[in-house]
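Report on one structure; see the data block that follows.
Counting starts at 1 for both ligands and their atoms, in listed order.
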Amino acid sequence: MLIKLYFCLAAVLPVALAGSTPKYSQAAIDSGAALAGLNSIALLNSRKSLGGSCTASNLKIRQEWRTLSSAQRKSFVAAVKCVQSSPSLFPAGQVPGAVSLFDDFVAVHLNLTLFVHLSATFLTWHRYYLHTYETKLQACGYKGNLPYWEWGYDINSPRNSPVFDGSDTSLGSDGAFIPHAGLQLLTPGAETPIIFAPGTGGGCVFKGPFKDMVVHIGPVALPIYGTTNYTGQPNPFLDNPRCLKRDLTADSTRRFATFRNTTDLILGTSTIELFQAVMQGDPRYTTGTIGIHGGGHYTISGDPGGDPWISPGDPAFYLHHAQLDRVYWIWQFLDIANRQNVWGTGTFLDFPPSPNVTLNDYLDLGVLNKPIQIKDMISTVGGKPLCYVYI
Ligand SMILES: *[C@@H]1O[C@H](CO)[C@@H](O)[C@H](O)[C@H]1NC(C)=O
Ligand SMILES: *[C@@H]1O[C@H](CO)[C@@H](O)[C@H](O)[C@H]1NC(C)=O
Ligand SMILES: *[C@@H]1O[C@H](CO)[C@@H](O)[C@H](O)[C@H]1NC(C)=O
Ligand SMILES: *[C@@H]1O[C@H](CO)[C@@H](O)[C@H](O)[C@H]1NC(C)=O
Ligand SMILES: [Cu+2]
C-alpha cells in the first residue's frame, strides 16, 4: 500500500530540479499525468520570462475545452458564428469563396500552405495565425481566450469527446455515418501508404453547433477513401457551397496523438530541427508516421478537415492547432534559453530550395494581419504582442 502510494506520488509529482527535466514512469506518461506535470513546469518558467507589454496582470490563459464552463463554451461558439457572419477583408470579387471573415482564414492558409508546413515557419506562422483568429473572436465580443483540444483524452472515442459530442456545448457532432473504406495516406516520399481503419462519420455534421454551417472554399486535395488519390476543385478560391463533413477517426488518435506520443515528442527532442520534424512526421527524418500534427488532423478528417490546404475551414482546426502550440510552448519553456531559434528554409520540404529562414524574417498573414518578425512569435509571453500561457 505504502509502496504503491509512493510510486504513484513519484510519478505525478516528480521533483523539478532546476534545469533538468524529471523522469516519469510509463504509466504517468500514458495517463497524461506526465504531460500535466510538464505543463506545470512550463507555466512556472514562463511566468519568470514575461517581457515587453506582458505582465502578470494582463497574462492570458488558454484552457482545455472541457475545463471551460458551459457558458464559456457557448460564448466561444457564438463568437465563431460571429466571425462566420463578419464581412471578408478581401477586396470585393478577389476571392469569391471568401464569403466571410472566417473564409478569409481558410483562403490565406490555402494560399500559403507550401510555405508554412514542413518549413522553418510552421510553428511560428501558426502561432501568429491562431493569435489573429483569437483577436477576431474577441472583437466579436468573446471575453475568453482560444481553447485547446487535448486529443489524449479522446483516443477511445472522439465521437463522445466534449469537443464533438453534438451537444450545445460542443463544436458539433461527428459526420453522419456513411459506410466507407479507410483513409490511405501516401506521405511525401513514402512507398507504402499509412492505412487507417474507417472513421465513424463521413457525412455532414448532423447535430449541435455548426450542423448547418456552409463550407465555401476548396477542396484542394481531399483524400478519396480506399485509395491514395485525392480530389479537388480546379480553382479552389471559387465559392463551392457545401455542408461541413467530419469523419472522426479514432485509429488516427490512437496511433499518432496519444499522451505518450505527445510526451515522447517533448521529452525526446532537444533541437527545434527535430522537434518540428517529429511533430509533423517529416519524411526526411521519420517514416510511417504523421506525427501528432497529422494525428489530430486525421482524427477530425472529412471536408474540409481532412484536406491539408483548407483544414481551417472546420472550426475544430483552431482547437487542434492550439494544442500543437501548447506542446511547442511546453517544449520551449522546459529549456527556454536554448529553444528560441528557428531551423530550416521557407518552403515545403525545401522544395523548391530556398534560403534559410532567420528570426528577422517576416511572417505573412495576407489580409488577416500585418507582417510580423518571427522573433516576436518565439515567446508567448514576449509581449510583442503575445501574452498567454496554457494551463
Ligand atoms: C496569396 O499570396 C500572394 C503573395 O503573398 C498575394 O499577393 C495574394 O494576394 C494572396 N492571395 C490570397 C487569396 O490570400
Ligand atoms: C488514382 O489516380 C490514378 C492517376 O490519376 C489513376 O490511374 C487510378 O486509376 C486512380 N486510382 C483509383 C483507385 O481511383
Ligand atoms: C503513439 O502512442 C501509442 C501508445 O499510446 C503507441 O502504440 C504508438 O506506437 C505511438 N506512435 C508513435 C508514432 O510513436
Ligand atoms: C542553412 O542552415 C543549414 C543548417 O544549419 C546550414 O548547414 C547551411 O549552411 C545554411 N545555409 C546557408 C546558405 O547559410
Ligand atoms: Cu496549417
Is a side-chain N or O of H180 found less than 3.5 angstrom from the main chain of I178, in a donor-acceptor match?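 Indeed, once roles are kept as given, a pair shorter than 3.5 Å links the two residues.
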
Check this for me: F259, atom CZ, are more than 12 non-hydrogen atoms of other residues, nucleotides or ligands nearer than 6.0 Å?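 Above 12, so yes.
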
Any idea which atoms of ligand 3 are less than 4.0 Å away from a heavy-atom of N261?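 Once the distances to N261 are compared, the set is 1 (C), 2 (O), 3 (C), 8 (C), 10 (C), 11 (N), 12 (C), 14 (O).
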
With respect to T289, determine whether any N or O atom, backbone or side chain, lies less than 3.5 Å from an N or O atom of ligand 3.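 So ligand 3 has no N or O lying under 3.5 Å from an N or O of T289.
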
Does R254 reach ligand 3 with a nitrogen or oxygen that is under 3.5 Å from one of the ligand's nitrogen or oxygen atoms?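 Between R254 and ligand 3, no N or O pair is found under 3.5 Å apart.
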
Check each of T358, N341, N356 against atom 14 (O) of ligand 4 and report the one with the nearest heavy atom.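 Shortest heavy-atom distance from atom 14 (O) of ligand 4: N356.
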
Strictly by modelled atom types, are W125 and D364 linked by a side-chain donor-acceptor pair under 3.5 Å?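 W125 vs D364: no donor-acceptor pair found between side chains.
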
Any ion pair linking [Y] and [X] (charged N to carboxylate O, less than 4.0 Å)?
{"X": "D168", "Y": "K207", "result": "no"}
{"X": "R246", "Y": "D174", "result": "no"}
{"X": "D303", "Y": "K245", "result": "no"}

Closest to the Cu ion (ligand 5), which N/O/S atom of H126 is it?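 Of the nitrogen, oxygen and sulfur atoms in H126, the Cu ion (ligand 5) lies nearest to NE2.
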
Passing option when Y390 is tested against W331, F333, W329 for ring-ring contact (aromatic ring centres under 6.0 Å, His included):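 So, applying the ring-ring contact (aromatic ring centres under 6.0 Å, His included) to Y390 and each of W331, F333, W329, only W329 qualifies.
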
Residue and atom name of the nearest protein heavy atom (relative to atom 5 (O) of ligand 3), distance in Å to one decimal: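 Here the nearest protein heavy atom works out to T258 OG1, 2.9 Å.
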
Could you check atom 4 (C) of ligand 4 against the protein and tell me its nearest heavy-atom contact, residue, atom and distance included?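 For atom 4 (C) of ligand 4, the nearest protein heavy atom is W343 NE1, 3.6 Å.
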
Is H109 close enough to the Cu ion (ligand 5) that one of its N, O or S atoms comes in under 2.8 Å?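 Yes, within the cut-off.
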
Heavy-atom protein neighbour under 4.0 angstrom from atom 9 (O) of ligand 4: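 Given the 4.0 Å cut-off, atom 9 (O) of ligand 4 does not count as touching protein heavy atoms.
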
